[in-house]
Peer 1: 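Just passing along the structure, written as structure tokens.
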Amino acid sequence: MKTQTQHQLLLNLAVIATLCLCFSACTSEQASEELVQTLQEETTVVEPEEPAVPLPGLPEDVAGYTQWLKLNAEPIPPVPGGDPHNGDKNVYVNKTRETIAPNGEQQFPYPNGSIVVKEAYRPGKDYVGLIAIMRKKAGVNPDHNDWEFIEYTRNASDADFAIIAKDGVCWGCHAQVEDIDYVFTELE
Ligand code: HEC
């Protein structure tokens, strides 16, 4: 009889011990989960935005241009019989749709400080091989609506862009669209 009670007591103790262990394990697991969650939340808050980096060889002010407003809806295909900016092209501007097209209709001229960037994927290539830029700077060239023109090219996806031409070379063609502020591509 006595041994049976002792046996029972031991059994009870064992059960209690197991419960305790289980409980502490569970709570500490919960605690560490909470800790991980808090750390994750803190990391999300503290982590800075990825800064936009310009393609190699291009100036800082066109970094992240692909996030800007795109004027064309579909890529502009190469012009048959000779394309001054050969390739499939997209044209971006550092202004909002509301700024350049209040009430849905595009207004000209472009405001001072506008930057228009054209990228071209050369035929058969999967990287940007040409970047043409127009920058509107008050007073810089009143004869051409104060646009500065410059163009860069490269021949490999890991190569730096280098200046190939600017201003005078560009005016002749772009003057054809002087009435819409020298920019061929209109907002679609
Ligand atoms: C032979 C004519 C010609 C010359 C020269 C020329 N362009 Fe263009 N450019 C165009 C045409 C046409 C477009 C319209 C989009 C397209 O079809 O490529 C254009 C588009 C652009 C665009 C996009 C905005 C827009 O007008 O649609 C930029 C930026 C640009 N050119 C910059 C330059 C620069 C910089 C130079 C000089 C280094 C230059 N262009 C020389 C004909 C020319």
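Just so you know, ligand 1 is whichever comes first in the structure, and atom 1 is the first atom listed for that ligand.
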Peer 1: Give every protein N, O or S atom lying under 2.8 Å from atom 8 (Fe) of ligand 1, naming each by residue and atom.
Peer 2: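 Within the sphere that stays under 2.8 Å of atom 8 (Fe) of ligand 1, the protein atoms of type N, O or S are His85 NE2, His174 NE2.
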Peer 1: For a quick test of your reading: what N or O donor-acceptor pairs under 3.5 Å do the side chains of residues 149-162 make, sequence neighbours left out?
Peer 2:
| residue | atom | partner | partner atom | Å |
| --- | --- | --- | --- | --- |
| Glu151 | OE1 | His85 | ND1 | 3.0 |
| Arg154 | NE | Val128 | O | 2.8 |
| Arg154 | NH1 | Ser157 | O | 3.2 |
| Arg154 | NH1 | Ala159 | O | 3.2 |
| Arg154 | NH2 | Val128 | O | 3.2 |

Peer 1: Against heavy atoms of Met134, which atoms of ligand 1 measure under 4.0 Å?
Peer 2: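 Atoms satisfying the 4.0 Å criterion: 28 (C), 29 (C).
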Peer 1: Looking only at heavy atoms, which two atoms of Gly87 and Ala120 are closest? And how far apart?
Peer 2: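 Nearest pair, atom of Gly87 first, then Ala120: CA-CB, 4.5 Å.
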Peer 1: Identify, for atom 17 (O) of ligand 1, the protein heavy atom at the shortest distance, and state residue, atom and that distance.
Peer 2: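 Residue, atom and distance for the closest contact: Lys89 NZ, 3.2 Å.
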Peer 1: Does Gly113 offer a backbone N or O that forms a donor-acceptor pair with the side chain of Asn94 under 3.5 Å?
Peer 2: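 Side chain of Asn94 to backbone of Gly113: a pair is present.
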Peer 1: Quick one: which ligand 1 atoms are inside 4.0 Å of a heavy atom on Val91?
Peer 2: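 Counting from 1, the qualifying ligand atoms are 23 (C), 24 (C).
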Peer 1: Distance-only, no hydrogens or angles: does the Glu148 side chain make a donor-acceptor pair with backbone N or O of Arg135 under 3.5 Å?
Peer 2: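 A pair under 3.5 Å: no.
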Peer 1: Give the atoms of ligand 1, by number and element, whose distance to some non-hydrogen atom of Ile150 is under 4.0 Å.
Peer 2: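 Numbered from 1, ligand 1 contributes 35 (C).
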Peer 1: I need the contact type for Leu71 against ligand 1. Using non-hydrogen atoms and a strict under-4.0 Å cut-off, is it side chain, backbone, both or neither?
Peer 2: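 None of Leu71 does.
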Peer 1: Numbering the atoms of ligand 1 from 1, which are under 4.0 Å from a heavy atom of Ala165?
Peer 2: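 Result: 38 (C).
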Peer 1: Please name all residues satisfying salt bridge (charged side-chain N to carboxylate O under 4.0 Å, His left out) with Lys166, sequence neighbours left out, ordered by chain then number.
Peer 2: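 Not a single residue meets the salt bridge (charged side-chain N to carboxylate O under 4.0 Å, His left out) criterion with Lys166.
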Peer 1: Between Arg122 and Asp88, does at least one N-O distance fall below 4.0 Å, as a salt bridge requires?
Peer 2: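 A salt bridge is absent here (no side-chain N lies under 4.0 Å from a carboxylate O).
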Peer 1: Among Lys70, Glu119, Lys118, find the residue that satisfies the side-chain hydrogen bond (donor to acceptor under 3.5 Å, both in side chains) test when tested with Tyr65.
Peer 2: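 Answer after filtering Lys70, Glu119, Lys118: Glu119.
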Peer 1: Please, which pairs that meet salt bridge (Lys or Arg N to Asp or Glu O under 4.0 Å) have at least one residue in residues 97-109, sequence neighbours excluded?
Peer 2: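 Output for this query is empty, none listed.
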Peer 1: Among all protein heavy atoms, pick out the one at the shortest distance from atom 24 (C) of ligand 1; state its residue, atom name and that distance to 0.1 Å.
Peer 2: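 Closest protein heavy atom to atom 24 (C) of ligand 1: Val183 CG1, 3.6 Å.
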Peer 1: Verify the distance criterion only: is there a donor paired with an acceptor across the side chains of Asn112 and Asp146 at less than 3.5 Å?
Peer 2: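 The criterion, which ignores hydrogens and geometry beyond distance, is not satisfied for Asp146 and Asn112.
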Peer 1: Identify the protein heavy atom lying closest to atom 27 (O) of ligand 1, giving its residue, its atom name and the separation to 0.1 Å.
Peer 2: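 For atom 27 (O) of ligand 1, the nearest protein heavy atom is Thr185 OG1, 2.6 Å.
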Peer 1: With side chain to side chain contact (heavy atoms under 4.5 Å, CB included) as the criterion, how do Trp147 and Val183 come out once you've worked through the C-alpha distance, each side chain's angles and the decisive distance to 0.1 Å?
Peer 2: CA-CA 10 Å; Trp147 286 113; Val183 182; 3.9 Å; yes
Peer 1: Short list, please: which atoms of ligand 1 are under 4.0 Å from a heavy atom of Val169?
Peer 2: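 Within the 4.0 Å cut-off of Val169, ligand 1 contributes 5 (C).
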